[in-house]
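I have placed the structure first, in the form of structure tokens, so that the comments after it can refer back to it.
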Amino acid sequence: IGGGPMLVAERDGLLIEAAAARRYDGFVCPECGRALILRRGELKIPHFAHLPPVECREARGETEAHHWAKAVLRDAFLKSGTDAEVERRLVGEPAERRTDLAVALPGGGMVAIEIQRSDLTLADIRTRTTSFMRAGVPVVWVGLVDDTLALRIGAGRAGAGLSPEGHFLDRLPLPAWARFAGRLAFGRSAWLDPAAGTLWIGRQEVSRQFAEPFRRGDPEIGFQDVGGRWRSMKTRVDLRLYGPVPLDALVIRASRRRAARIGDVDLPAGPIAWFDTEDGLDGRIETFTRDYRKARAAVLGRPAAATSDR
């Protein structure tokens, strides 16, 4: 049996999750329509798999860690009494789209949770995000904690003052999709450790580097003084992570944002959402973030608002 695991199959025109399925025949892939087999075991989550040869792009596109992440998030929300469904098809513009996990919002409607580990181009993430937002569906993009990020978290400098649980990861290289997702949600980001069953909630700011002053040129054409100022780093961020937050403590907040352009990134207008806790961790992070921006602005010698990654 080949291909990557799938958590949802179709049978008699209905979508069935592997966790609730029984060993009957007749399961087919919602994407390609080919036969699937249900697999259960003590070491792996229940899932469906394609029979060989595997040609379906859905079976090839996700890792087991990705599917595991969807399952543990779904189970956490269901345990807290919030409706959640993996691989649900949601209305999108211009076409219907399937999301990794659909979670009910407290005031009605659904939020699309997209889990990302591999790289995704800036154009792709903007297209997918805009499609949902135009249909009134906010998106939360979640990264997976890999070995590299886990090491940085372990070595990160603990925060102080209002946010003692924060870990400061300076000049962290993040892929384009993660920088876009952070800017979309006003600096917020989320990183899931499916093995530990915990989530790290973060804030990201554009990293800055001081360019040492020097003089270039020659006596014939003259000299020019350059450098001596702070410059933004295009692919690196200062990331502060708070947690780990138990998954059963999560809630989802939602709001709206205006369209904006930051650098060369166009951010769409529409609904947005992010993770929080019942006791208001996001608000405490926001308070600390404002103080952080003021302190960094004093170092950089510019107004605090100009240092925001919003």
Side-chain angles (χ1 to χ4, degrees), residues 3-24 26-34 36-41 43-50 56-92 95-105 109-118 120 125 128-129 131-132 135 137-145 181 190-199 246-248 250-252 254 273-275:
M6 299 182 66
L7 299 183
V8 171
E10 188 174 304
R11 186 171 186 268
D12 298 329
L14 299 176
L15 292 179
I16 301 174
E17 290 196 23
R22 299 186 180 275
R23 291 185 181 275
Y24 297 126
F27 296 118
V28 298
C29 175
E31 185 70 26
C32 69
R34 297 190 62 178
L36 297 175
I37 187 170
L38 176 64
R39 305 185 72 180
R40 290 178 176 273
L43 299 180
K44 294 185 177 182
I45 60 173
H47 64 276
F48 297 101
H50 282 73
C56 178
R57 64 180 181 180
E58 189 69 21
R60 295 177 173 180
E62 296 182 354
T63 64
E64 186 170 343
H66 191 139
H67 287 279
W68 193 12
K70 290 190 286 188
V72 296
L73 273 176
R74 174 204 58 199
D75 293 347
F77 280 110
L78 290 176
K79 183 179 179 181
S80 68
T82 302
D83 289 339
E85 183 180 341
V86 297
E87 299 178 25
R88 176 169 173 170
R89 293 189 182 275
L90 296 175
V91 175
E96 187 181 61
R97 288 186 176 271
R98 186 164 62 190
T99 182
D100 285 337
L101 180 66
V103 179
L105 289 171
M110 306 292 289
V111 58
I113 296 180
E114 291 288 298
I115 298 166
Q116 191 66 26
R117 185 171 187 175
S118 59
L120 187 69
I125 187 175
R128 288 164 63 174
T129 302
S131 174
F132 281 123
V137 179
V139 184
V140 177
W141 288 91
V142 181
L144 292 183
V145 175
W191 300 86
L192 175 67
D193 186 342
T198 55
L199 188 88
L247 297 184
D248 56 8
L250 291 176
V251 297
I252 296 178
W274 59 92
F275 289 123

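Counting begins at 1 with the first residue of the sequence.
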Check the surroundings of atom CG in D248: do more than 12 heavy atoms from other residues, nucleotides or ligands lie under 6.0 Å from it?
-> yes
Atom of T82, atom of A104 and distance for their closest heavy-atom approach | CG2-O, 3.5 Å
Is the closest side-chain heavy-atom distance between P138 and I252 below 4.5 Å?
-> no
Can you see which heavy atom on T198 is nearest to which on L192, and at what distance?
-> O-CD1, 3.3 Å
Heavy-atom closest pair (V103 atom, A84 atom, distance to 0.1 Å) is CG2-CB, 4.1 Å
Are D100 and H66 close enough that some pair of their side-chain heavy atoms sits under 4.5 Å apart?
-> yes
Minimal heavy-atom distance between A76 and L247, with the atoms involved, is CB-CB, 3.5 Å
For W141 and A181, which heavy atoms make the closest approach, and how far apart are they?
-> CB-CB, 3.7 Å
Which value, rounded to the nearest 0.5 Å, describes the distance between H50 atom NE2 and I37 atom CD1?
-> 12.5 Å
Who passes salt bridge (Lys or Arg N to Asp or Glu O under 4.0 Å) against E10, sequence neighbours left out?
-> none
Close side-chain approach of I113 and V142, heavy atoms under 4.5 Å = yes
Would you say the side chain of I125 lies within less than 4.5 Å of the side chain of Q116, judging by non-hydrogen atoms?
-> no
A21: side chain to side chain contact (heavy atoms under 4.5 Å, CB included) partners, not counting sequence neighbours | I16, F27, L38, F48
How about M110 and E85: do any of their side-chain heavy atoms sit closer than 4.5 Å?
-> no
By side chain to side chain contact (heavy atoms under 4.5 Å, CB included), which residues pair with A112, not counting sequence neighbours?
-> L90, T99, F132, V137, V139
Contact summary for R98 and E87, nearest pair of heavy atoms | CD-O, 3.0 Å
If you round to the nearest 0.5 Å, how far is CG of L144 from CG of D193?
-> 9.0 Å
